[in-house]
Amino acid sequence: MAYWLIKSEPSNYSWQQFQKDGKTSWDGVRNYAARNHLQAMKKGDQVFFYHSNEGLEIVGIAEVLKESYPDPTLPDKGWVAVDFKPKKTLKRPVTLKEIKEDESLSDMALLRLSRLSVQPVKEKEWKMILKKAGEK
DNA sequence: GCCAACGTTGGC
DNA sequence: GCCAACGTTGGC
């Protein structure tokens with residue numbers, strides 16, 4: 001099982017909206033690095049949902065519902081989409097500030113590659129963040 | 001609203 | 001194939 005992090009601007013698509021929808025299709029990604037990560041996702045993988053621009057915090061955990069398939073908004077160009085479903089809202093959101101302050105998380109892609117919208121999370125980082133969120 | 005970081009584009 | 005110009009993302 002692998003761990004990931006996806007970003008969304010709440011004004012565009014928020015965690016609350018995601019929960020209301022029950023699932024969502026992550027399409028429209030037009031970045032090669034992000035696409036490669038989408039393609040590597042397996043059903044059941046766990047995914048942090050991060051609010052960028054506003055909030056600046058990890059708000060919940062999603063799960064891969066459907067592995068990558070041709071992006072319906074641009075099917076012939078090799079871009080892909082992945083379906084997610086919301087799994088759990090964190091007891092306490094984990095802010096970018098907290099992540100920055102933690103030495104052991106200084107290597108996270110969130111900090112090093114701040115512009116990448118789909119990125120891998122190491123198991124160690126995953127557990128660390130869950131702990132900060134007040135989860136087991 | 002500004003600006004740094006980074007990806008993409010296009011001229012040579 | 002290099003690199004400058006430009007556009008976009010995202011934190012501040």
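Letters A, B, ... mirror the listed sequences (proteins, then strands); counts begin at 1.
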* Asked: Given A:Gln17 and A:Ser14, is the side-chain hydrogen bond (donor to acceptor under 3.5 Å, both in side chains) satisfied, shown in steps?
  -> CA-CA 5 Å; A:Gln17 185 63 44; A:Ser14 69; 5.4 Å; no
* Given A:Phe49 and A:Phe84, is the side-chain contact (heavy atoms from CB on, under 4.5 Å) satisfied, shown in steps? -> CA-CA 10 Å; A:Phe49 193 99; A:Phe84 297 110; over 6 Å; no
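Using a 4.0 Å heavy-atom cutoff across all strands shown, A:Leu113 reaches no nucleic acid atom at all. As judged by a 4.0 angstrom heavy-atom cut-off over every strand, A:Arg112 is placed among residues touching the sugar-phosphate backbone only.
One finds no salt bridge joining A:Glu135 and A:Lys131 here, because no Lys/Arg side-chain nitrogen approaches an Asp/Glu carboxylate oxygen to under 4.0 Å. Of the charged side-chain nitrogens involved, at least one lies within less than 4.0 Å of a carboxylate oxygen, so that A:Asp102 and A:Lys132 count as a salt-bridged pair.
A distance of 9.0 Å separates CG in A:Leu56 from NZ in A:Lys100, rounded to the nearest 0.5 Å.
For DNA chain C, the span of nucleotides reached by chain A at under 4.0 Å from its heavy atoms goes, 5' to 3', from C:dG7 to C:dC12.
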